[in-house]
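Below: one structure, written as structure tokens.
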Amino acid sequence: MNVNGTRILTTSSIVVAALSAASTLAFQQPLHTSGADGALDAQAESVMARFDGHKVIRAWIESEEELELVHFLSDDIWNDTYGIGGPLDFRITPEMYDILVGSGLPFEVMIDDVQVLIDAERADDGFENPAEDPFFNDYQRLSDVVAYMNTLANLRPDLAEVVDIGDTVRGRDIFALRITGPNFEPTRPGLLIHGGQHAREWITVSANCYIADTLIRQYDTDPYIKDLVDTREWWIIPVMNPDGYEYTWTNYRLWRKNRRSSYGVDLNRNWGYHWGGPGSSDSTNRETYRGDAPFSEPETQAMRDLCLDHPNIVGHIDIHSYSQLILYPWGWTRYLPPYNDTFDAISSEMDQRIEALYGTIWRYGPVYTTIYPASGVSSDWTFGDRRIWGFAFELRDRGQYGFVLPKSQLLPASKEAREGVFVLAEQELEPLMVLDVGWLERGQPAEFKVTRATPGSDVYFFYSIRGDDEQTFWPDLNVTLDIESPLMAATATADASGTAILNRTMPNLRALIVIWLQAAEYGRTTNVVLTQIN
Ligand SMILES: [Zn+2]
């Protein structure tokens, strides 16, 4: 890899130079082979988009102007989240590469020809992992993934079942493998593990299948695995975005989003907690397009409803690639999340255990401060709305192959993912308090419900009319509230099941008012609910 160019031009002159060079080129040939191009939908199933001569570039972006330049040069950013001040990986056509070289922006070439890697990925190189099922010799198409999930369930119908959790925007089924030991009771802690939210991150699909494979096939022979199955309820969704995943096999290997219309929605900007904030785009042609409303997409709705229907779910890992990262909330703000010490301790153990396998280098921390802001991501919702301990992994590698990870790394990468997931599964995760609020209307009665409180404890209900951008220490309860200038409204006592219900008649306000609500008992807080009195 060579570092090319020196930063000799002012950033605005870079863009001007690039734009003028491009306007000449634009008359000669189309510059982009964009995945967001509606014409692609007209392609026959068998026509795969090609990326001959396309490079993946890594540049260190120091200003808005340089970011603008990259967006001009490329419509395919490879980082899951990105911003000013750090490395930015993007795919670039040969024509645009010439403009990049002329721009003076320093960069490295990470991948010299993307098509060469894609061709190698599909070639039958006779690679085998003899100790494992042949399924893990290669990446697998959607139909084969679903068939394998059924194979596993049929091997152990006493432990596993395939569950249809919802449909995609184009009508495909989204399947989960539910795995748990005998004598299930709804209080058994649940774990939600999923891959393929971003279609092109193929390794994440294999890794999820591999984790399920281990739980099923080693149940009888490994007491450690048997314990993980008997004491947990596993929900494993290898392909959260089946439309997009299939599209990467039939039309466009590097597709990221779902398949809404011709442009697609970035499902991992569509979850409904601080949706629309920094690190998401309102432009349909961006890879981080968040959709037109929180949970506008059936794929994210299905995941949300799974969590709401199974309140025993206490842990969540959303598996992505690439960069070798363990991430936890928040993505939307630089503030550390409640229970940061626990998040940090679990992540640290994941990091050590993963690195111990093959010596790969990983990093961990909150999304916002470890990489970049990202709003509407899955773990912000699972933790922010449901108080599920939510994480995201970015699997191998660190950019040498990016999304087109050679199949020789399929099993090592899957074993790293499995190790990290098992660290979470081993934890006796504290079920955190959850606040649910119904419809609020002026002058009408309303119900506020807290679950998972300590039985018999006094639960305090707070509200703010200012927001949740600042934290407030409340000494009487020894808690830090996540709302600004909190006001204490009332208290209720938790019953023997840890549920505290407050019934209040809403004030007769003259206008609709937006409020932030949070509850707490001594030493513990709930999620923040943003709502309005209608
Ligand atoms: Zn991703």
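Residue numbers start at 1 and run along the sequence shown. Here the structure is a predicted model, which means the values were calculated and not measured. In listed order, ligands and their atoms are each counted from 1.
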Exercise. Check whether any side-chain heavy atom of Val404 sits under 4.5 Å from a side-chain heavy atom of Ile111, and report yes or no.
Key: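 A side-chain contact is absent here, since even the closest heavy-atom pair is not under 4.5 Å.
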Quiz prompt | Atom of His198 nearest the Zn ion (ligand 1) (restricted to N/O/S, atom name only) | solution =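 The nearest such atom is ND1.
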Practice problem: Using only N, O or S atoms, tell me which atom of His320 is closest to the Zn ion (ligand 1). | Solution: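 Atom name of the closest N, O or S in His320: ND1.
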Exercise. For residues Tyr328 and Trp389, establish whether the separation of their ring centroids is below 6.0 Å.
Key: no
Quiz item: Does Glu394 bring an N, O or S atom to within less than 2.8 Å of the Zn ion (ligand 1)?
Solution: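 For Glu394, the answer is no, given that no N, O or S atom comes within less than 2.8 Å of the Zn ion (ligand 1).
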Quiz item: Between OE1 of Glu201 and OD2 of Asp80, what angle is found at the Zn ion (ligand 1), rounded to 10 degrees?
Solution: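 Roughly 120°, rounded to 10°.
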Quiz item: Judged by modelled atom types alone, do Tyr210 and Glu132 share a side-chain donor-acceptor pair under 3.5 Å?
Solution: yes
Exercise. May I ask you to check whether Asp318 and Gln197 show a side-chain donor-acceptor distance below 3.5 Å?
Key: yes
